[in-house]
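Working notes, beginning with the structure itself.
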Amino acid sequence: MVTPAIGTQELYKQLDILLKSDIPVFIHGSPGIGKSYIVNDIAKRNNLELIDVRLSQLDSVDLRGIPAILDNQTVWMSPIFLPKDENSSGILFLDELNSASLSVQAAIYQLVLDRKIGEYSLPKNWKIVCAGNKINDKGIVFKLPSPLVNRMVHLLLEAKYDDFKNWAILNGIHSYILGFLGFRPDLLSSEVPNSTETNPAFCTPRAWSMLSTILKNESDVSVISPIIYGTVGYAAAIEFISFIKVYETLPNIDEILEGSCEVVPNEPSALYALCSAVIEKYKDCNQAVNIFAYSKKLPVEFAVMLIKDLIVKDEEITTLGEFDEWIEKYADYII
């Protein structure tokens with residue numbers, strides 16, 4: 001049986017429940033899909049401290065500590081990175097657990113089960129979250145021992161386009177990427193290449209986010225094509241560079257926002273590009289009124305997509321009278 005995968009929004013819900021229940025959890029997922037980001041974000045949302053421990057870089061002695069002599073007895077000096085304040089609260093994030101050596105995994109047994117390791121005890125208001133890559137992701141990953149597996153809840157995270165799009169809109173990801181992934185959502189995440197591939201790059205949400213940062217500094221894809229190949233892989237890069245040419249055919253986005261544009265593209269690729277460009281340039285509710293009017297000229301599926309994405313960027317538009325009028329027309333198409 002294959003464990004059902006969940007997206008990032010569902011992972012937030014499940015982690016909230018597990019943190020309240022004080023049950024350790026292991027998040028399985030491919031590289032670059034946001035495991036570490038989500039744990040960091042949940043800590044911020046809940047005003048919790050976060051200690052991020054990369055277990056693949058440690059030895060077992062780094063966790064238990066080194067021995068010292070005190071009053072003619074041997075004591076173990078616990079590492080400085082473990083929380084000591086009994087009045088503090090936070091998340092102890094044990095990342096790359098299944099990439100750690102077997103001796104480190106063995107040292108984690110007691111910490112996960114009894115919240116102790118050697119003479120150290122984890123403060124009661126600290127929660128344990130673990131993460132690691134999947135075994136079939138071609139990384140350095142070891143199968144976890146069954147006693148350790150049975151000490152945690154296991155969740156499988158998968159990159160889902162709708163989750164990524166909502167995050168991308170709120171975080172200013174470049175419109176080229178939003179438009180392209182709307183057209184080719186299957187390229188949000190791709191399989192890790194074989195070790196024989198000359199270009200080891202592959203698609204992940206993290207890779208697309210990096211490319212967005214690059215595009216904001218140089219948007220001429222002909223100049224940065226080698227960087228694009230080296231960020232998302234050759235096959236995806238070829239499609240991406242070809243797709244960007246569509247933006248040259250779009251009507252003037254400023255005119256759409258000003259309410260003076262009547263031109264509507266016909267090709268689906270251009271419509272995806274158009275919607276992403278409008279969302280990127282949107283500033284305030286005054287423009288929203290014109291976007292509502294323009295959306296009625298679009299095919300229904302793109303009209304609905306445009307306004308749903310606009311709500312993600314600015315929920316205030318739902319208070320406008322124009323929104324009420326728009327929803328009456330399109331209510332049957334909104335899922």
Side-chain angles (χ1 to χ4, degrees), residues 8-9 34 37 41 160-185 188 205 208-221 240 243-331 333-335:
T8 56
Q9 293 305 311
Y37 175 87
D41 194 39
K160 296 183 182 291
Y161 171 68
D162 286 343
D163 289 340
F164 174 78
K165 181 170 73 168
N166 289 344
W167 174 85
I169 290 171
L170 293 173
N171 287 273
I173 295 297
H174 199 284
S175 63
Y176 284 0
I177 290 169
L178 276 173
F180 175 68
L181 291 179
F183 187 60
R184 286 296 310 273
L188 171 62
W208 289 113
S209 179
M210 289 192 299
L211 183 55
S212 171
T213 301
I214 295 164
L215 286 167
K216 288 179 180 179
N217 287 284
E218 177 52 74
S219 60
D220 186 344
V221 295
F240 178 74
F243 179 86
I244 299 312
K245 296 176 183 177
V246 171
Y247 281 83
E248 299 172 2
T249 69
L250 298 183
N252 188 294
I253 302 301
D254 289 329
E255 290 181 0
I256 294 174
L257 296 174
E258 293 165 2
S260 59
C261 180
E262 298 294 328
V263 180
V264 177
N266 294 317
E267 291 296 321
S269 58
L271 288 164
Y272 279 109
L274 175 79
C275 291
S276 68
V278 169
I279 294 299
E280 183 177 55
K281 279 205 166 189
Y282 170 81
K283 299 297 182 185
D284 56 48
C285 284
N286 292 326
Q287 295 174 333
V289 172
N290 298 324
I291 294 174
F292 281 125
Y294 185 80
S295 73
K296 295 175 183 177
K297 301 180 177 69
L298 302 176
V300 170
E301 62 270 31
F302 289 97
V304 172
M305 182 181 74
L306 176 60
I307 301 305
K308 286 175 70 174
D309 290 350
L310 192 61
I311 292 171
V312 171
K313 188 166 186 178
D314 183 9
E315 291 184 358
E316 190 177 344
I317 69 166
T318 60
T319 65
L320 299 174
E322 287 79 5
F323 175 77
D324 294 335
E325 179 186 334
W326 185 92
I327 206 72
E328 284 184 16
K329 180 176 181 178
Y330 293 99
Y333 302 98
I334 296 178
I335 300 174

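Numbers here are sequence positions counted from 1.
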Would you say [X] has more than 12 foreign heavy atoms packed within less than 6.0 Å of its [atom1]?
X: E315; atom1: CD; result: no
X: E267; atom1: CD; result: no
X: D324; atom1: CG; result: yes

**Message:** Walk me through whether V221 and L215 qualify under side chain to side chain contact (heavy atoms under 4.5 Å, CB included).
**Reply:** CA-CA 8 Å; V221 295; L215 286 167; 4.2 Å; yes
- request: Kindly say whether the aromatic ring centers of F302 and Y272 come within a distance under 6.0 Å.
  value: yes
Review point. Do F180 and W208 have their ring centres less than 6.0 Å from each other?
Key: yes
Could you pull out the closest heavy-atom pair between [X] and [Y], with the gap in Å?
X: L271; Y: P299; value: CD1-CG, 3.9 Å
X: L274; Y: I253; value: CD1-CD1, 3.7 Å
X: D284; Y: Y282; value: O-CE1, 2.8 Å
X: A270; Y: V246; value: CA-CG1, 3.2 Å

Between the side chain of [X] and the main-chain N/O of [Y], is any donor-acceptor distance below 3.5 Å?
X: K313; Y: E280; answer: yes
X: E258; Y: S260; answer: no
X: K165; Y: L178; answer: no
X: K216; Y: G172; answer: yes
X: D314; Y: E316; answer: yes

The complete set of side chain to side chain donor-acceptor pair (under 3.5 Å) pairs with one or both residues in residues 288-304, sequence neighbours excluded, reads S295-W326, K296-E325
Checklist entry - Regarding S276 and Y247, is there a side-chain donor-to-acceptor distance under 3.5 Å anywhere? => result yes
| said: If you apply the rule side chain to side chain contact (heavy atoms under 4.5 Å, CB included), what do you find for S175 with I279, and how did you get there? | reply: CA-CA 8 Å; S175 63; I279 294 299; over 6 Å; no
Does the side chain of [X] reach to within under 4.5 Å of the side chain of [Y], using non-hydrogen atoms?
X: C275; Y: D309; answer: no
X: Y176; Y: L211; answer: no
X: I317; Y: V289; answer: no
X: N252; Y: C261; answer: no
X: I307; Y: I291; answer: yes

To the nearest 0.5 Å, atom NE2 of H174 lies from atom CD1 of I214 at 11.5 Å
task = For the pair W167 and T8, evaluate side chain to side chain contact (heavy atoms under 4.5 Å, CB included) and give the outcome as yes or no after the intermediate values.
result = CA-CA 10 Å; W167 174 85; T8 56; over 6 Å; no
